[in-house]
*Asks:* 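Handing you this structure, nothing more for now.
Remember, predicted model here, so these are calculated numbers, not experimental data. The residues of the chain are indexed from 1 along the displayed sequence.
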Amino acid sequence: MANTEAELKQKLKELIESIVDGDDYAVHTADNAIRALSALKDLKCPASPIPPHFRCPLSGHLMTDPVILATGQTFDRPLIQRWLNEILRVYPQSHVVLNRCLLAPNVLLQGMISEWCKDKGIYLPKPVFDVHDEQLTEAHRHRLHPLLFKLSLSVSEQKEAAKELRELAKRMSVRALFGTRQMIQLLLRPLSSEAPLDPELQDDLVAAFLNLSILDSNKRLLAENEKVIAFLIDSLKSGAVQTRSNAAAALSSMSSLDSNKHIIGRSGAIKYLVDLLEEGDQLAMRDAGSALFRLCCVRENIVRTVREGAVQIILGKLVNHILVDDLVDELLSMLALLATHTIALEALVNHGGVRFLLDILRKSTQERVKENAAVILHLICFHNREKRKEIKEEELANGTISNVVRTGSATARRKAKCIFNCLRIGKPTSQNTPNPDPNPNPNP
């Protein structure tokens with residue numbers, strides 16, 4: 001070891017002298033000096049094994065930007081973001097579909113990793129925020145043009161091209177190339193024929209638009225293209241379930257922009273999103289619900305959604321108990337958002353919503369589910385005096401509201417107290433009617 005250390009020191013000395021004393025030096029000389037210095041450090045401080053909980057389950061490497069999924073599992077942001085983009089939001093270890101794929105920074109673990117690296121003298125690289133954003137090679141750039149040209153040829157060639165474009169559109173750098181109206185028009189070429197679109201071709205084109213819509217700069221461009229929206233609506237109406245689900249996901253992605261909420265709401269898409277909510281499997285329901293939730297942040301879209309029967313459909317799904325827990329939570333969140341409009345409250349009351357919500361408050365063990373039920377019931381109680389009698393009878397018989405006040409989460413307790421105060425008033429007047437909540441908003 002002594003000879004090796006001596007050799008490294010001598011080599012490092014020569015390299016530093018050539019850098020310091022010379023008028024100019026080559027970049028590789030500095031690189032060699034850094035390598036020699038690093039090798040000396042490794043001799044003095046052998047590498048420490050990385051604690052297992054500091055490693056990303058996907059890569060096995062030290063995490064630089066740990067984030068928590070809804071499942072409670074922590075991953076390195078670049079790796080899990082790539083997985084979610086390419087595998088359509090399916091959890092890596094159990095293949096369960098995640099509801100909204102929110103990535104919350106694991107601040108505690110990040111601090112622990114930073115302290116460990118500092119203690120061990122390890123350099124922690126800065127996080128790489130998007131592993132898709134690699135340098136676009138000329139091969140990729142040249143590949144797009146023949147593929148887009150093939151979309152104007154025979155159906156078999158269109159299908160071959162669309163399948164490859166679908167995969168290419170998963171790359172952030174490729175998505176950026178579609179940031180012009182001309183490129184979008186080229187992708188729409190197969191629609192120029194009057195013949196029915198091949199189902200496989202339709203599915204790949206819809207998925208390509210979904211992948212392109214992930215890039216923020218593409219969202220407005222796609223939504224403002226009437227042919228794109230019309231194609232997605234047609235796919236919602238007549239495609240296979242997976243195609244309809246992807247079309248809903250694309251509309252959901254575009255709807256993250258406020259201006260697009262109005263465009264998509266006026267396009268007639270809401271009717272077919274509600275249909276998919278009723279007819280689709282649970283993955284399709286989730287995508288349709290996500291799109292509707294975003295669209296309904298605009299009040300005019302709440303009216304459209306309620307008039308298409310969304311309240312009755314959601315209540316029917318919930319009452320039948322055929323949903324996984326996180327989908328129950330999502331649908332109740334949707335009802336809570338709709339219930340901020342009186343037209344939805346009327347539909348809830350007319351279709352047995354009060355009894356259903358009281359049952360949830362009495363029986364459910366899921367915190368978020370009870371919170372949403374309390375939010376909706378509070379809105380009904382505040383706006384509909386006739387239903388206070390039914391709620392009061394439930395309270396007197398089972399102490400349902402009082403129990404939530406005692407044992408619920410902070411949000412549920414706050415809403416239950418507001419309901420309880422309403423019930424104790426008797427016949428409210430304009431002077432003694434309390435304000436049950438200064439902000440009767442479904443979001444706590």
Side-chain angles (χ1 to χ4, degrees), residues 81 84-86 88-89 98-102 130 132 162 165-166 168-172 174-188 191 202-239 242-277 280 283-302 304-305 308 310 330 333-334 337:
Q81 188 65 69
L84 295 174
N85 284 347
E86 294 188 357
L88 291 179
R89 305 176 303 287
L98 300 174
N99 54 356
R100 294 195 185 98
C101 301
L102 297 179
D130 196 316
H132 276 306
L165 285 165
R166 171 182 186 163
L168 283 174
K170 293 176 180 177
R171 298 177 178 272
M172 192 65 73
V174 173
R175 292 170 187 158
L177 292 179
F178 281 86
T180 65
R181 289 183 175 84
Q182 182 182 9
M183 290 293 284
I184 299 299
Q185 288 302 117
L186 292 175
L187 196 54
L188 289 166
L191 308 184
Q202 181 184 26
D203 185 54
D204 286 330
L205 287 175
V206 168
F209 280 118
L210 168 58
N211 291 333
L212 293 178
S213 73
I214 294 171
L215 185 64
D216 284 347
S217 57
N218 284 344
K219 295 181 191 296
R220 185 187 301 274
L221 186 68
L222 291 169
E224 292 179 351
N225 189 309
E226 293 182 2
K227 289 185 178 179
V228 171
I229 297 299
F231 171 59
L232 292 176
I233 291 175
D234 284 343
S235 299
L236 273 175
K237 287 193 287 187
S238 59
Q242 182 59 56
T243 304
R244 297 172 73 191
S245 183
N246 283 338
L251 291 171
S252 176
S253 176
M254 295 178 203
S255 297
S256 63
L257 289 186
D258 287 344
S259 59
N260 288 353
K261 291 177 174 64
H262 295 279
I263 294 172
I264 296 170
R266 292 192 296 264
S267 71
I270 286 176
K271 168 179 170 48
Y272 303 103
L273 288 169
V274 173
D275 288 347
L276 183 59
L277 193 66
L283 175 58
M285 289 172 60
R286 184 172 278 111
D287 285 324
S290 173
L292 288 168
F293 190 93
R294 285 182 168 176
L295 289 169
C296 286
C297 291
V298 174
R299 289 187 69 78
E300 67 193 50
N301 288 337
I302 292 181
R304 294 183 176 112
T305 302
E308 294 299 340
E330 285 199 32
S333 296
M334 166 71 74
L337 177 59

*Asks:* Which pairs with one or both residues in residues 242-256 pass salt bridge (charged side-chain N to carboxylate O under 4.0 Å, His left out), sequence neighbours excluded?
*Replies:* R244-E279

*Asks:* Just so I know, are the side chains of M285 and L276 near enough to count as touching, which here means a heavy-atom distance under 4.5 Å?
*Replies:* no

*Asks:* Look only at the side chain of R166 and the backbone of A208, and say whether a donor-acceptor pair between them is shorter than 3.5 Å.
*Replies:* no

*Asks:* Are the side chains of L277 and M334 in touch, meaning some heavy atoms are under 4.5 Å apart?
*Replies:* no

*Asks:* Taking S235 for the side chain and F231 for the main chain, is one N or O donor matched with an acceptor at less than 3.5 Å?
*Replies:* yes

*Asks:* L295 and G265: which non-hydrogen atoms are nearest, and at how many Å?
*Replies:* CD2-N, 4.3 Å

*Asks:* Please list all pairs passing the salt bridge (charged side-chain N to carboxylate O under 4.0 Å, His left out) test where one or both residues lie in residues 224-238, with sequence neighbours left out.
*Replies:* R220-E224, D234-K237

*Asks:* Mark yes or no for whether K261, through its side chain, and S255, through its backbone, hold a donor-acceptor pair below 3.5 Å.
*Replies:* yes

*Asks:* Quick one, N225 and L222 - any side-chain contact, counting heavy atoms below 4.5 Å?
*Replies:* no

*Asks:* L188 versus Q185: any side-chain heavy-atom pair under 4.5 Å?
*Replies:* yes

*Asks:* Go through it in stages, so that I can follow the logic: the residues are L165 and L187, the test is side chain to side chain contact (heavy atoms under 4.5 Å, CB included), and I'd like the CA-CA distance, side-chain angles, deciding distance and then a yes or no.
*Replies:* CA-CA 9 Å; L165 285 165; L187 196 54; 3.9 Å; yes

*Asks:* How far does CG of L210 sit from CE of M254, to the nearest 0.5 angstrom?
*Replies:* 8.5 Å

*Asks:* Atom CD1 in I184, atom CG in L212: separation rounded to 0.5 Å?
*Replies:* 5.5 Å

*Asks:* State the SG-CG distance between C296 and L337, to the nearest 0.5 angstrom.
*Replies:* 5.5 Å

*Asks:* Between H262 and V298, is any pair of side-chain heavy atoms under 4.5 Å apart?
*Replies:* yes

*Asks:* Quick one: CG on D258 to CZ on R294, what's the gap to the nearest 0.5 Å?
*Replies:* 11.0 Å

*Asks:* If I take atom CD1 from residue I263 and atom CG from residue L257, how far apart are they, to the nearest 0.5 angstrom?
*Replies:* 9.0 Å

*Asks:* Check whether R175 reaches the backbone of L215 with its side chain - one donor and one acceptor, N or O, closer than 3.5 Å.
*Replies:* no

*Asks:* Side-chain contact test, heavy atoms from C-beta onward, threshold under 4.5 Å: evaluate it for Q242 versus L283 and give yes or no.
*Replies:* yes

*Asks:* Once you round to the nearest 0.5 Å, how far does OG of S252 lie from CG of L292?
*Replies:* 9.0 Å

*Asks:* Test of understanding: with side-chain hydrogen bond (donor to acceptor under 3.5 Å, both in side chains), list the residues that count as partners of N301, not counting sequence neighbours.
*Replies:* R304

*Asks:* Please lay out, stage by stage, how M183 and L186 fare under the test side chain to side chain contact (heavy atoms under 4.5 Å, CB included).
*Replies:* CA-CA 5 Å; M183 290 293 284; L186 292 175; 4.3 Å; yes

*Asks:* Indicate yes or no for a side-chain donor-acceptor contact from S290 to the backbone of D287 under 3.5 Å, with no hydrogens or angles considered.
*Replies:* no

*Asks:* I need the single residue from N211, L236, T243 that forms a side-chain contact (heavy atoms from CB on, under 4.5 Å) with V206. Which is it?
*Replies:* T243

*Asks:* Just by distance, with hydrogens left out, do S213 and N218 show a side-chain donor and acceptor under 3.5 Å apart?
*Replies:* no

*Asks:* Find out whether I229 and L251 are in side-chain contact, i.e. whether some heavy atom of one side chain is under 4.5 Å from a heavy atom of the other.
*Replies:* yes

*Asks:* Where the side chain of K219 meets the backbone of S256, is there a donor-acceptor pair that is under 3.5 Å apart?
*Replies:* no

